[in-house]
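Take a look at the structure set out below.
Numbering of ligands and ligand atoms starts at 1, following listing order. Counting begins at 1 with the first residue of the sequence. All of these numbers come straight from a predicted model, not from anything done at the bench.
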Amino acid sequence: MFTSVLIANRGEIACRIIRTARRLGMRTIAVFSEADRQALHVKMADEAHCIGPSPAALSYLRGDVILDVARACGAQCIHPGYGFLSENAGFAEACAAAGVVFVGPPPSAIRAMGLKDGAKALMRKAGVPVVPGYDGERQEAGFLQEQAARVGYPVLIKAVAGGGGKGMRKVERAEDFAAALASAQREAQASFGNAGMLIEKYVSAPRHIEIQVFTDNHGKAVHLFERDCTLQRRHQKVIEEAPAPGMTNAVRKIMGEAAVAAARAVNYSGAGTVEFIVDGSRPLAADTFWFMEMNTRLQVEHPVTEAITGLDLVEMQFRVAAGEPLQVSRGEVACNGHAIEARLYAEDPETGFLPSTGVIHVLKLPSGEGIRVDAGVDQGGAVTPFYDPMIAKIIAHGATRKEAIARLAEALGKVVVAGPRSNAGFLKALVLQPAFAQGRFDTGFIERHVTELGAVRQPVDDKAVAFGAAAVFSKAQASRASQRDDPWSVADAFQLGAARRMAERILVDGAPLSVDVAWSAAGPAVTFGAQDVIAANTADPELVIVPAGDDVFVLHHGRQTQVSLFDPLEHAGEDAAEGGGTVRSPMHGKLIDVFVAIGDLVQKGSRLAVVEAMKMEHLLVAPVAGRVASISAQAGQQVAQNAPLIGIEILGGEG
Ligand code: ADP
Ligand code: ADP
Ligand code: MG
């Protein structure tokens with residue numbers, strides 16, 4: 001076994017790999033970008049080395065720099081985790097050339113499965129069922145459209161180099177094909193530098209079921225059951241479980257054998273996952289599943305397999321990479337109970353799941369019987385705009401699916417994230433959906449239930465605002481009272497005992513709002529909506545109130561409301577726009593295009609600008625009709641979340 005490992009990754013997966021490596025007695029070597037200087041994986045490792053600036057392309061994707069570090073520290077092997085360099089055959093080759101073991105499959109297997117078209121052709125040859133469609137070389141739009149017609153709508157256009165659900169478009173009707181193709185090609189070119197597309201039949205009521213395979217270098221190959229990853233948003237997994245609801249031993253055997261055949265066809269070694277798309281409109285059967293792709297690495301959702309098998313897949317990866325034979329045999333591994341994983345993200349379900357960055361002032365993650373938490377951030381740490389904003393994975397294991405769901409829901413209810421917004425409340429609502437409990441769902445489930453899941457703009461939470469405002473004002477009053485010459489000091493206004501009632505402005509999630517405050521020596525009493533709150537007793541079992549600097553974060557039923565004092569100076573410009581609109585950047589990102597100039601007249605809904613983050617584009621539109629009065633950033637510039645970008649002035653009446 002190795003005695004040292006360099007982990008070429010960050011976040012929860014780097015932390016998770018460090019835990020196993022340490023247990024196996026290895027010296028753990030972390031690498032980090034400038035943004036990650038204080039990150040959890042850096043603190044956990046025995047040693048850590050900076051590999052460059054924050055953007056992944058300049059750090060975590062710099063295979064050459066990472067290999068230099070590995071050589072300099074004498075690392076025997078490199079574990080790439082998932083994402084980043086994990087499926088980069090060139091990097092795996094460079095490791096071999098440098099005499100460092102790449103903990104993963106041979107470069108030839110990565111290459112064979114790297115592009116979806118080539119992989120499908122290979123699988124057809126190996127006798128594995130693949131989704132009907134076109135995956136040949138011709139790429140002319142007209143020809144691809146003919147193929148779509150032959151396959152029959154609805155079809156899925158897929159980037160051959162795709163991953164993470166990018167470069168994929170479902171097309172329902174022939175007349176939408178051309179536009180969808182062009183947009184998928186643009187996205188794929190930007191994300192993968194490869195605009196190649198294939199066409200697939202869109203499987204009805206689709207379910208995603210994948211098989212974990214493991215292969216050693218001595219001819220042994222096993223599968224470790226399936227995972228159901230059907231609950232997705234924009235083709236990205238949200239909840240994963242094992243085993244799959246409705247799976248039978250007979251179908252598992254056929255699917256498992258197909259997956260093992262796929263691995264054998266590319267002389268696989270180590271951990272891999274063969275993903276199948278399943279027709280969920282029929283019961284699971286031998287003819288209702290088709291190969292989609294093989295991921296030649298550890299999968300994000302591997303912990304559910306670990307929970308039901310009792311195995312440590314990362315340990316097995318190390319052992320196979322070190323040349324040891326697999327210790328498990330087909331039929332030997334038991335499938336024990338049921339496990340479900342939820343991906344906890346710093347994102348805002350109410351704004352289309354935009355990533356939400358910033359310092360995590362308070363982070364409480366659950367623990368308890370059957371609960372495992374793989375975290376990538378700690379309290380006081382930050383979610384930066386540079387990487388995937390995952391906070392943690394929460395995995396619940398139970399004797400039955402019902403018990404696993406109940407444990408997961410309870411665990412999600414205990415999560416506290418203050419600072420960035422999180423999807424904790426959304427996840428809890430999701431696992432508590434009755435149809436989910438009954439195992440009736442397909443990949444469209446989340447989309448169809450967004451409203452019930454609270455993933456739409458919600459009205460301001462009166463109770464959270466009142467409590468938050470009371471906390472903010474009481475802090476302000478206390479600090480003013482400590483400044484002797486302050487006109488609001490105790491000696492001046494409040495000695496008479498009569499409360500002064502005033503309308504005070506505050507900021508709620510960055511937007512100005514007025515609350516009614518009765519100021520007295522006993523502390524401010526805030527009235528907002530139906531809520532009356534006296535600051536002196538701002539405690540309520542339903543609420544978690546987290547003061548942080550000048551802000552107060554109030555968590556109520558898993559939803560965060562941020563309350564801050566209103567600083568008239570900071571908002572002077574907006575007041576001048578008088579009832580107009582300030583368009584702010586919805587997230588930390590890059591302003592890639594501005595469509596208007598100062599003085600332009602715009603209609604409500606007019607296109608103003610595009611901000612790009614996480615390789616996805618977000619269109620900003622005018623909230624009101626008026627004239628563009630200010631433009632505060634230029635195309636090409638990085639913009640912070642909430643930064644004012646464009647000011648719109650409402651034009652006066654005819655007079
Ligand atoms: P999984 O099935 O394990 O979720 P994905 O392919 O969706 O696998 O992604 C695994 C991880 O790699 C995720 O964290 C995802 O954000 C990241 N990832 C996948 N593809 C890309 C890509 N092209 N660029 C950057 N990150 C990616
Ligand atoms: P990626 O590399 O982005 O993970 P996949 O080919 O694995 O791409 O597909 C991602 C997701 O898209 C799947 O999990 C599934 O939800 C959906 N999908 C893929 N192919 C089909 C299909 N033929 N019919 C219906 N849904 C599909
Ligand atoms: Mg996939």
Problem set entry | Residue portion contacting ligand 2 (non-hydrogen atoms closer than 4.0 Å) for K237 | neither
Exercise. To the nearest 0.5 Å, what is the distance between CD (E350) and CZ (F426)?
Worked result: 12.0 Å
Exercise. So, E293 and K158, do they make that salt bridge, N to O below 4.0 Å?
Worked result: no
For this session: Report the part of M168 (side chain from C-beta onward, or backbone N, CA, C, O) that has a heavy atom under 4.0 Å from ligand 2; answer both or neither where that applies.
Result: side chain
Problem set entry | F436 six-ring centre to R401 NZ/CZ under 6.0 Å and within 45° of normal | yes
Exercise. For ligand 2, which atoms sit closer than 4.0 Å to a heavy atom of H235?
Worked result: 11 (C), 12 (O), 17 (C)
Exercise. Taking distance alone, with no angle check, do I277 and ligand 2 share an N/O pair under 3.5 Å?
Worked result: no
Exercise. Less than 3.5 Å between some nitrogen or oxygen of V203 and one of ligand 2, yes or no?
Worked result: yes
Exercise. Do any nitrogen or oxygen atoms of K166 lie less than 3.5 angstrom from nitrogen or oxygen atoms of ligand 2?
Worked result: no
Exercise. Under the criterion side-chain hydrogen bond (donor to acceptor under 3.5 Å, both in side chains), which of D228, D279, T443 is the partner of R207?
Worked result: D228
Seminar exercise, completed: The option among K158, M294, H208 carrying the non-hydrogen atom nearest to atom 14 (O) of ligand 2 is H208
Exercise. E200 to ligand 2: N or O pair under 3.5 Å?
Worked result: yes
Problem set entry | Subset of ligand 2 atoms that lie under 4.0 Å from at least one heavy atom of Q232 | 11 (C), 13 (C), 14 (O), 15 (C), 16 (O)
Seminar exercise, completed: Numbered in order shown, the ligand 2 atoms found under 4.0 Å of a heavy atom of L156 are 18 (N), 19 (C), 20 (N), 21 (C), 22 (C), 27 (C)
For this session: Output the list of atoms in ligand 2 that are nearer than 4.0 Å to some heavy atom of K116, sorted by atom number.
Result: 1 (P), 2 (O), 5 (P), 6 (O), 8 (O)
Exercise. Roughly how far, to the nearest 0.5 Å, is the OG atom of S108 from the CE atom of M113?
Worked result: 11.0 Å
Exercise. Just distances here: any N/O of M292 and N/O of ligand 2 closer than 3.5 Å?
Worked result: no
For this session: Please assess D442 against R448 for the test salt bridge (Lys or Arg N to Asp or Glu O under 4.0 Å), listing each intermediate value before the final yes or no.
Result: CA-CA 10 Å; D442 59 52; R448 287 196 299 273; 3.2 Å; yes
Exercise. Parallel, tilted or perpendicular for Y60 and Y387, by the 30°/60° rule?
Worked result: perpendicular
Exercise. Which atoms from ligand 2 have a heavy atom of G162 less than 4.0 Å away?
Worked result: 2 (O)
Exercise. When the ring centroid of F353 is compared with that of Y345, is the distance short of 6.0 Å?
Worked result: no
Problem set entry | E200 and K116: CA distance, side-chain angles, deciding distance, salt bridge (Lys or Arg N to Asp or Glu O under 4.0 Å) verdict | CA-CA 11 Å; E200 267 181 12; K116 293 186 203 292; over 6 Å; no
Exercise. Which of the atoms in ligand 2, numbered in the order shown and given with their element, are less than 4.0 Å from a heavy-atom of G163?
Worked result: 1 (P), 2 (O), 3 (O)
Exercise. Measuring from the heavy atoms of K170, does anything fall under 4.0 Å of ligand 2?
Worked result: no
Exercise. Is R233 salt-bridged to E347, going by a charged N under 4.0 Å from an acidic O?
Worked result: no
Problem set entry | Opening angle between OE1 in E275 and OE2 in E293, taken at the Mg ion (ligand 3), to 10 degrees | 90°
For this session: May I ask you to list the atoms of ligand 2 that are less than 4.0 angstrom from any heavy atom of V131?
Result: 23 (N)
Could you list the donor-acceptor pairs under 3.5 angstrom formed between side-chain atoms of residues 179-186 and any protein atom two or more places apart in sequence or on another chain?
{"unit_1": "S183", "atom_1": "OG", "unit_2": "R169", "atom_2": "NE", "d": "2.8"}
{"unit_1": "S183", "atom_1": "OG", "unit_2": "R169", "atom_2": "NH2", "d": "3.0"}

Exercise. At a 4.0 Å threshold, what atoms of ligand 2 neighbour a non-hydrogen atom of T443?
Worked result: 16 (O)
